[in-house]
Amino acid sequence: MTISDIQEHLPAARNRFIERVPLITALAAGCYSVAAVFFLLAHGSLPLVPAEALSHEWNGPLGTVLSYVLLSLAMAGCLLGFAVHYRLLPGRASAAGATAFASVFSGIVLLAVVDSSILATLGYLPFLAVKSLTDPGFLQTAVDLPWPIVGHQIACIIGVALWILTATVAVRRRSGACVACGRHSSAATVRRRAKPVTIAAAIIPGVYAVTRFAWAAGIPLGIEPAFLQQMQNNGQVYAGLGLASMAVLGVLLTLGLIQRWGSMLPRRIPFLGGRRIPVLLAAIPAGFVSLIVIPAGSEMIRVSTIRGTGGIPFDWANWATIGPTLLWIPWGVLLGAATLAYYLKHRGSCRRCGLSG
């Protein structure tokens, strides 16, 4: 097989993947249903929150109800996914049903099931790596992290992504647009607003990073000196430094969505300079982050208004403790819009319908 043959084969394979997304969604929902049944029989509830979090609303009857709601949605989603794939429903009903189901399922997952666990795990990775080098026994702490809960949340996030794609396929079929690229949509409007939306998406994690770097430097920015001293004594300020580093990385990668180096590697990079960056290599991680920060922001709002902050001061004198995290919901929305604009701008011509722009 020649290189040209491979290049012709890849777009065709990509088109087939888009067309089969509803089938993949149905199979994934079926697998989740089977796993959920076994987990419910063994534990009585899905892994929603740590067992020691006794005050959490999901550690009790409400958690059991939510577990069965998720199981029911998975079973219904399995059937609906098959119906969309095999076109067992009229086009209008298929598009409306898939869109409604994706909206309901995404709302429940992002606002009730997923919390800040995934984001925190990613953010603490630099701290965990450095700490494990200086304290080998610290690795046991990483092993003891609530991995079943994190794994379940990641599975639910993947389900949200699949249902968004499934609804997209159904709507494109209904409107007569190309299933592979969806041309004839409002792509031009999205692209025109890419720059201000992307800059706004980069500012929010930047604010968070500035406060945490200031704390690491001993500057009580948005926090009382006494509490800063307490965090310095117990090492929390250094964990925050790791989170701030990841936030700065997020700022740079977000700005890359509107910069030339975000689509093509600089020529000064050895061996790889001048090569185009695959669109999905940038779009998929950015889209994933846009999904996980929304529930993290929702949890911080609940913590600050309902559950209590667990001893963390949060008032006008300590606005930086939780304040920047209250912007995570709009951050997720803005980052999702910026990612979509980046994808629409750099996706190129469609090999299936031949349209571009």
Side-chain angles (χ1 to χ4, degrees), residues 21-22 24-37 39-40 43 45-50 53 56-81 84 97-122 146-171 284-303 306-307 325 328-337 339-340:
V21 162
I24 296 172
T25 303
L27 295 175
C31 292
Y32 180 93
S33 301
V34 173
V37 168
F39 209 97
L40 286 170
H43 303 280
S45 177
L46 296 177
L48 300 174
V49 293
H56 199 288
E57 56 265 29
W58 300 142
N59 258 336
L62 286 179
T64 303
V65 171
L66 178 60
S67 296
Y68 281 98
V69 167
L70 291 173
L71 174 60
S72 301
L73 286 174
M75 292 178 173
C78 180
L79 297 176
L80 181 58
V84 172
T99 302
F101 188 92
S103 301
V104 172
F105 180 72
S106 299
I108 292 175
V109 167
L110 296 181
L111 299 180
V113 178
V114 181
D115 54 24
S116 60
S117 298
I118 301 175
L119 188 63
T121 301
L122 293 176
W147 295 113
I149 297 173
V150 174
H152 177 247
Q153 293 185 8
I154 291 176
C156 290
I157 286 289
I158 293 174
V160 168
L162 287 175
W163 268 110
I164 291 174
L165 291 175
T166 297
T168 300
V169 170
V171 170
I284 291 177
F288 178 73
V289 172
S290 70
L291 287 178
I292 65 175
V293 298
I294 291 177
S298 176
E299 181 192 23
M300 298 312 297
I301 292 176
R302 293 196 299 269
V303 165
I306 300 174
R307 297 181 194 157
T325 66
W328 283 354
I329 291 181
W331 175 25
V333 175
L334 290 169
L335 181 57
T339 304
L340 176 61

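Because the structure is a prediction, the values reported are computed rather than measured.
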Please report the C-alpha distance between Ile157 and Leu110 in whole Å, then the side-chain angles of each, then the deciding distance to 0.1 Å, and finally whether the side-chain contact (heavy atoms from CB on, under 4.5 Å) criterion is met.
-> CA-CA 8 Å; Ile157 286 289; Leu110 296 181; 3.7 Å; yes
- Query: Given the rule in the side-chain contact (heavy atoms from CB on, under 4.5 Å) test, do Leu80 and Trp163 qualify, once you have shown the distances and angles that lead to the verdict?
  - Reply: CA-CA 10 Å; Leu80 181 58; Trp163 268 110; 3.8 Å; yes
inquiry  = Is there a side-chain contact (heavy atoms from CB on, under 4.5 Å) between Val109 and Leu291? Walk through the geometry before answering.
reply    = CA-CA 10 Å; Val109 167; Leu291 287 178; over 6 Å; no
Side chain to side chain contact (heavy atoms under 4.5 Å, CB included), paired with Ser298, selected from Leu111, Asp115, Val114 |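 Answer after filtering Leu111, Asp115, Val114: Leu111.
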Between [X] and [Y], which heavy-atom pair has the shortest distance, and what is it?
X	Y	result
Ser45	Gly63	OG-O, 3.8 Å
Ile294	Gly332	CG1-CA, 3.8 Å
Leu40	Leu46	CD2-N, 3.9 Å
Pro50	Ile149	N-CD1, 3.2 Å
Ala29	Cys78	CB-N, 3.7 Å
Ala296	Trp328	CB-CE3, 3.7 Å

First locate atom [atom1] of [X], then atom [atom2] of [Y], and finally report the distance between them rounded to the nearest 0.5 Å.
X	Y	atom1	atom2	result
Leu73	Ile108	CG	CD1	5.0 Å
His152	Ser67	NE2	OG	7.0 Å
Leu340	Leu335	CG	CG	11.5 Å
Met75	Leu79	CE	CG	9.5 Å
Thr64	Trp58	OG1	CH2	11.0 Å
Leu71	Leu66	CG	CG	11.5 Å

Hey, does Ile329 have a side-chain heavy atom less than 4.5 Å from the side chain of Ile301?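 Yes, side chains in contact.
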Would you check if Ile118 and Phe288 make a side-chain contact, meaning some heavy-atom pair closer than 4.5 Å?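 Sidechains of Phe288 and Ile118: in contact.
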side-chain contact (heavy atoms from CB on, under 4.5 Å) for Ile292 and Gln153? Distances and angles first, verdict last. CA-CA 9 Å; Ile292 65 175; Gln153 293 185 8; over 6 Å; no
Measure the acute angle between the ring planes of Phe39 and His43, then classify it against the limits of 30° and 60° as parallel, tilted or perpendicular.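 Judged by the thresholds at 30° and 60°, the geometry between Phe39 and His43 is tilted.
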